[in-house]
Amino acid sequence: MSHIPSFGVGTFRLSGQTVIDSVRNALDVGYRAVDTAQIYGNEAEVGQAIVDSGVARSDLFVTTKIWTDNYSRAKLIPSLQDSLKKLRTDYVDLTLIHWPAPGNGVELAEYMEALAEAKARGLTRQIGISNFNVELTRQAIVAVGQGEIATNQIELSPYLQGRKLTAFLKEQGIQVTSYMTLAYGKVLKDPVLAQIAVKHQATVAQVALAWALQLGYAVIPSSTKRENLASNLLARDLKLDAEDMVLIAALERNGREVSPEGLAPVWD
């Protein structure tokens, strides 16, 4: 079974000094997992923040994602080597295929095999996928073998609970990583979550993150504010009760925030 830390810091949409400060603050307040991607254009800054933090590389879990332009067998490994240079490390802990990109001209089997080859060469400790539906996850398992896919990183929030997909991943022993767990901040205004937060003397963000953690998902929230990074981390200590979980289950509204044309699959 793969090991993915349950709590990490995300860096989507952060660049320049903003991402350096965010990652440095996150590591400073106790995060040990950092999630980036080639398309974020911030791997070099993330690498700098990690080196500057003084935290030993062996204590960190670094994830990056291969962008669609680099899916061909000829490009995938060189692109990952380039990412490693930017991140100033000899390996990443986890490398994901960022989007299935069905019309991209590169077959799923080709990019999954290239990713497995990157792992065989020691460039990445684990491999996985992101934004894959049930059918494409099945195909990815066929391509690289059962037990090889560490995680499927997918958009999940109290407004988008993905029950069919998460049940399938659990059945396959694939860790679920939830991104956009706060639905771009939309859930922060939710009255039901607000009520649960008051009951536990917690923040609404902590409630949403604790919900995902309690379902067994890993989370990677981002923030540019040190106090929010520290506050989010406290979600690990928040235990929601059965009644809370039932109330949150009822918030499902298929509230998907991200579905780029040409990259996204047909969602389950």
Side-chain angles (χ1 to χ4, degrees), residues 4-5 7-99 101 104 106 111 114-115 117-119 121-131 150-151 153 155 177 179-180 184 218-226 228-230 232-233 258 260 263:
I4 308 280
F7 218 102
V9 67
T11 61
F12 176 57
R13 293 195 156 177
L14 303 183
S15 60
Q17 193 59 42
T18 308
V19 78
I20 294 172
D21 293 343
S22 174
V23 172
R24 202 185 51 227
N25 279 322
L27 296 176
D28 209 33
V29 300
Y31 289 74
R32 287 297 175 263
V34 182
D35 181 276
T36 183
Q38 292 175 342
I39 195 66
Y40 298 173
N42 63 16
E43 289 173 316
E45 288 78 3
V46 168
Q48 185 187 325
I50 286 171
V51 170
D52 292 350
S53 74
V55 177
R57 175 67 185 90
S58 55
D59 292 337
L60 292 173
F61 190 98
V62 180
T63 300
T64 195
K65 309 177 201 83
I66 305 289
W67 189 242
T68 55
D69 297 350
N70 301 322
Y71 284 2
S72 71
R73 204 180 298 280
K75 287 184 179 172
L76 191 144
I77 284 176
S79 84
L80 181 54
Q81 288 168 325
D82 188 44
S83 291
L84 296 181
K85 279 195 197 83
K86 290 176 181 165
L87 289 162
R88 304 196 208 177
T89 182
D90 300 331
Y91 69 95
V92 279
D93 298 274
L94 176 65
T95 304
L96 308 177
I97 293 292
H98 204 148
W99 285 94
N104 194 31
V106 182
Y111 61 65
L115 190 60
E117 171 66 17
K119 180 183 170 182
R121 291 200 202 177
L123 303 175
T124 184
R125 299 274 166 93
Q126 299 184 78
I127 60 173
I129 53 183
S130 184
N131 301 300
T151 193
Q153 185 179 122
E155 182 190 341
T177 302
Y179 75 81
M180 278 197 196
Y184 273 147
V219 294
I220 44 169
S222 65
S223 179
T224 54
K225 296 191 173 75
R226 186 185 171 98
N228 290 351
L229 287 163
N232 286 347
L233 208 48
V258 187
L263 300 179

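Basis for what follows: all heavy atoms, side chains included, without hydrogens, waters or symmetry-related copies.
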TODO: Looking only at non-hydrogen atoms, find the nearest pair between Ser22 and Leu14 and report the distance.
DONE: OG-CD1, 3.8 Å

TODO: Indicate the atoms forming the closest heavy-atom contact of Ile4 with Ala150, along with that distance.
DONE: CD1-CB, 3.9 Å

Open item on the list: For residues 17-33, which residue pairs pass the salt bridge (Lys or Arg N to Asp or Glu O under 4.0 Å) check, not counting sequence neighbours?
Closed with: Asp21-Arg24, Asp28-Arg226

Task: Qualifying salt bridge (Lys or Arg N to Asp or Glu O under 4.0 Å) pairs with a residue from residues 68-77, counting only residues at least two apart or across chains - done: Arg73-Glu113

Open item on the list: Is a donor from one side chain sitting under 3.5 angstrom from an acceptor on the other, for Gln38 and Asn70?
Closed with: yes

Using the test side chain to side chain contact (heavy atoms under 4.5 Å, CB included), find all partners of [X] that sit at least two apart in sequence or belong to another chain.
X	value
Lys225	Ser223, Glu227, Asn228
Leu84	Thr89, Val92, Leu123
Ala101	Thr68, Tyr71, Asn104, Leu263

- [ ] Report yes or no: does Thr151 contribute a side-chain atom to a donor-acceptor pair with the main-chain N or O of Gly128 at less than 3.5 Å?
- [x] no

Open item on the list: Please enumerate all residues that pass side-chain hydrogen bond (donor to acceptor under 3.5 Å, both in side chains) together with Thr36, with sequence neighbours excluded.
Closed with: Asn42

Open item on the list: So, using side-chain hydrogen bond (donor to acceptor under 3.5 Å, both in side chains) as the criterion, who are the partners of Glu117 when residues are at least two apart?
Closed with: Arg121

Open item on the list: Once ring pair (Phe, Tyr, Trp, His ring centres under 6.0 Å) is applied, do any residues pair with Tyr179, and if so which ones, sequence neighbours excluded?
Closed with: none

TODO: Check salt bridge (charged side-chain N to carboxylate O under 4.0 Å, His left out) between Arg88 and all other residues, then give those that pass, not counting sequence neighbours.
DONE: none

Task: salt bridge (charged side-chain N to carboxylate O under 4.0 Å, His left out) partners of Arg13, counting only residues at least two apart - done: none

Could you list the donor-acceptor pairs under 3.5 angstrom formed by side chains in residues 43-52, with sequence neighbours left out?
from: Glu43; atom 1: OE1; to: Ser83; atom 2: OG; distance (Å): 3.1
from: Glu43; atom 1: OE2; to: Thr64; atom 2: OG1; distance (Å): 2.7
from: Glu43; atom 1: OE2; to: Ser83; atom 2: OG; distance (Å): 2.9

Open item on the list: Test: ring pair (Phe, Tyr, Trp, His ring centres under 6.0 Å). Region: residues 20-45. Which pairs qualify, not counting sequence neighbours?
Closed with: Phe7-Tyr31, Phe12-Tyr40, Tyr40-His98

